[in-house]
Undergrad: 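This is the structure I want to talk about, given as structure tokens.
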There are 4 protein chains.
Amino acid sequence: MFFTIEPDNGLAIYDQIVRQVKFAVASGALAPGQLVPSLRELAGQLALNPNTVARAYRDLQAEGILDMVRGTGLEVSSKAPKACRLEREKLIRERLRSVLGEARQSQLAEDDLRTMFSEELTALAAASPSKSKNR
Amino acid sequence: MFFTIEPDNGLAIYDQIVRQVKFAVASGALAPGQLVPSLRELAGQLALNPNTVARAYRDLQAEGILDMVRGTGLEVSSKAPKACRLEREKLIRERLRSVLGEARQSQLAEDDLRTMFSEELTALAAASPSKSKNR
Amino acid sequence: MFFTIEPDNGLAIYDQIVRQVKFAVASGALAPGQLVPSLRELAGQLALNPNTVARAYRDLQAEGILDMVRGTGLEVSSKAPKACRLEREKLIRERLRSVLGEARQSQLAEDDLRTMFSEELTALAAASPSKSKNR
Amino acid sequence: MFFTIEPDNGLAIYDQIVRQVKFAVASGALAPGQLVPSLRELAGQLALNPNTVARAYRDLQAEGILDMVRGTGLEVSSKAPKACRLEREKLIRERLRSVLGEARQSQLAEDDLRTMFSEELTALAAASPSKSKNR
DNA sequence: GTGGTCTAGACCACC
DNA sequence: GTGGTCTAGACCACG
């Protein structure tokens with residue numbers, strides 16, 4: 001699959017999986033009815049403890065993003081895309097607001113912050129020319 | 001003092017103290033040679049256990065931000081301002097990079113991200129008119 | 001494990017643990033990649049509070065001697081042996097220098113000091129025939 | 001006076017004073033009946049809190065090394081020289097034994113330890129050519 | 001199971 | 001008064 005896990009980015013691993021599944025659904029990469037990778041498969045790919053993946057899938061089931069299909073696996077629910085599109089912006093905006101809040105509280109000048117933002121954005125685009133026009 | 005603790009913002013309390021002390025030094029609010037509040041004093045103000053404050057101050061000593069003056073307290077070291085200014089940028093840039101990385105990976109359009117950034121920035125400025133030119 | 005704690009030898013208990021871990025790594029008794037005893041295990045063996053062991057392990061992490069493996073424990077880092085060998089010499093040399101400095105300042109004759117050194121060394125060797133060639 | 005205080009050599013400041021007074025008596029630099037510097041004088045010279053010096057003098061009185069002479073100060077007792085000569089060796093030997101014990105326990109080779117001892121001894125002699133034959 | 005955090009409270013050394 | 005250490009025990013997140 002197309003997930004990438006970074007330990008030590010502050011987020012728990014299971015939470016990174018949860019977020020990325022939601023993002024994949026939001027972007028259409030995972031469509032309703034489609035099966036997500038099995039526990040063992042994903043755990044193997046990401047070199048994680050299956051329990052960790054299980055924890056993520058459990059949370060996703062609890063939120064109604066994934067539905068259990070007995071004997072088959074977990075599939076993306078029909079209501080997932082709408083929910084995930086809303087969720088995506090919320091999740092990212094939350095983290096962004098948190099960073100900005102800390103920056104302001106630290107008396108960092110707004111201009112420095114804008115500069116930092118631009119720098120990181122271009123650095124990111126350079127590192128992985130993912131999604132301007134082509135992809 | 002002028003510290004504010006938010007339990008459950010994801011960061012450990014002692015780490016919030018560490019960051020805020022660094023930020024205060026970076027902004028000049030705490031000058032070298034100045035004593036930080038005593039363990040018991042700060043613990044009292046923030047309604048924390050003295051051990052929690054001690055943990056934060058111990059970390060700051062280990063980083064060379066604070067120097068112990070026996071029987072007197074902990075004072076801001078002479079090398080602290082430079083170190084803290086660098087640290088402040090590093091801490092914020094790290095978190096910013098992490099958010100941006102997640103946003104990109106989530107296929108969020110760059111323009112949406114820029115918009116989000118601007119919105120949050122102005123929202124923040126409105127909420128607390130901290131530091132334009134006039135204040 | 002093979003640690004021994006002496007309360008009231010002037011060193012804090014957590015510091016004794018730190019030193020002994022470093023010494024164990026320096027001597028090869030603890031190899032990189034190997035897990036140190038868990039907090040609770042070591043605390044049980046030494047009849048200490050787990051927090052005390054945690055403090056020691058935390059310091060060792062901060063110095064890069066131990067790496068955390070989430071959900072598994074703490075392992076000796078790959079860079080630890082070199083660092084610990086240097087550290088061992090430094091720690092002992094520091095204490096030695098301090099004693100010698102005091103001796104000299106006390107006007108103790110250098111020859112008396114040499115005699116004292118030899119006496120203690122042989123007394124020590126007699127007490128625990130640790131490491132000549134044969135053992 | 002001829003005392004030197006090193007904070008952070010592991011010994012409490014008051015203890016360093018106690019030891020150095022004893023050493024001065026042992027070497028004859030302070031003779032029975034002679035007055036030691038007043039609290040304020042010594043505290044001023046060493047840039048210490050007078051309470052710290054008071055603590056040291058109090059301990060020395062308790063051991064019978066110093067006698068209070070009302071309205072005059074503290075003088076070296078008649079029994080001090082003999083006691084201090086015995087004490088000097090004991091104090092230094094204790095610390096030396098402690099270092100050696102740690103070195104052995106750390107698996108440091110005996111030869112390395114001997115080398116270290118010689119190095120530090122010559123370094124010390126070079127730093128302050130105090131007391132071979134001439135002084 | 002692992003380590004991490006926090007609280008509570010006691011005791012100590014030092015200034 | 002200051003910080004430092006240690007104990008005890010609870011709770012949490014993670015794997």
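Letters go in sequence order (proteins before strands), and every chain restarts at 1.
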Undergrad: Which is true for B:E75 with a 4.0 Å heavy-atom rule: it touches a base, it touches only sugar-phosphate, or it touches nothing?
TA: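 Here B:E75 touches no strand at all.
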
Undergrad: Taking C-beta and beyond as the side chain, do A:E94 and A:E89 meet within less than 4.5 Å on heavy atoms?
TA: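 No, their side chains stay 4.5 Å or more apart.
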
Undergrad: Taking all heavy atoms of A:L39 and all of A:P50, pick out the closest pair and write down the distance.
TA: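 It is CD2-O, 4.2 Å.
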
Undergrad: Earliest and latest nucleotide of DNA chain E, 5' to 3', sitting under 4.0 Å from a non-hydrogen atom of chain C?
TA: E:dG1 to E:dC6

Undergrad: Toward the 5' end of DNA chain E, which comes first, C:G71 or B:A47, by nearest nucleotide?
TA: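 Mapping each residue to its closest nucleotide by heavy atoms, the 5'-most match is C:G71.
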
Undergrad: Do the side chains of D:N9 and D:Q16 get nearer than 4.5 Å, heavy atoms only?
TA: yes

Undergrad: What is the distance, to the nearest angstrom, from the CG atom on C:L39 to the P atom on F:dC14?
TA: 18 Å

Undergrad: Answer yes if the side chains of D:R95 and C:S98 hold a donor-acceptor pair under 3.5 Å, and no otherwise.
TA: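 D:R95 vs C:S98: donor-acceptor pair found between side chains.
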
Undergrad: For residues C:Y57 and C:S38, determine if any side-chain heavy atom of one lies less than 4.5 Å from a side-chain heavy atom of the other.
TA: no

Undergrad: Without swapping roles, check the side chain of B:S27 against the backbone of B:F23 for a donor-acceptor pair under 3.5 Å.
TA: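 Yes; at least one donor-acceptor contact below 3.5 Å.
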
Undergrad: Expected output is a numbered-order residue list: members of residues 48-60 of chain B with a heavy atom under 4.0 Å from any atom of DNA chain E. What is it?
TA: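 Contacting residues: B:L48, B:N49, B:N51, B:T52, B:R55.
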
Undergrad: Please figure out whether C:R40 or B:L74 has its closest DNA chain F nucleotide nearer the 5' end.
TA: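 In this pair, the answer is B:L74.
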
Undergrad: With pairs taken as Watson-Crick or G-U wobble and both distances under 3.5 angstrom, which stems of at least three consecutive pairs involve DNA chain F?
TA: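 Looking at DNA chain F, the stems formed by three or more consecutive pairs are E:1-14 with F:1-14.
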
Undergrad: In residues 9-21 of chain C, which residues come under 4.0 Å of DNA chain F by heavy atom?
TA: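 Contacts with DNA chain F under 4.0 Å: C:A12, C:I13, C:Y14.
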
Undergrad: Are the side chains of D:L86 and D:K90 in contact, using a 4.5 Å heavy-atom criterion?
TA: no

Undergrad: Is the side chain of C:Q34 donor-acceptor paired with the backbone N or O of C:A31 at a distance under 3.5 Å, no angle test?
TA: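 Yes.
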
Undergrad: Do A:Q20 and A:T4 have side chains that get closer than 4.5 Å, going by heavy atoms?
TA: yes

Undergrad: Got a list of side-chain donor-acceptor pairs under 3.5 Å for residues 61-76 of chain A, not counting sequence neighbours?
TA:
from, atom 1, to, atom 2, distance (Å)
A:E63, OE1, A:K22, NZ, 3.2
A:E63, OE2, A:K22, NZ, 2.8

Undergrad: Could you check if a side-chain atom of C:P32 sits within less than 4.5 angstrom of a side-chain atom of C:S77, using non-hydrogen atoms only?
TA: no

Undergrad: Report the residues that fulfil salt bridge (Lys or Arg N to Asp or Glu O under 4.0 Å) with B:R88, sequence neighbours left out, ordered by chain and then residue number.
TA: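 Counting only residues at least two positions away or on another chain, B:R88 forms no salt bridge (Lys or Arg N to Asp or Glu O under 4.0 Å).
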
Undergrad: If we only count heavy atoms from C-beta on, is the A:F3 to A:L42 side-chain gap below 4.5 Å?
TA: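 Side chain of A:F3 against side chain of A:L42, heavy atoms only: contact under 4.5 Å found.
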
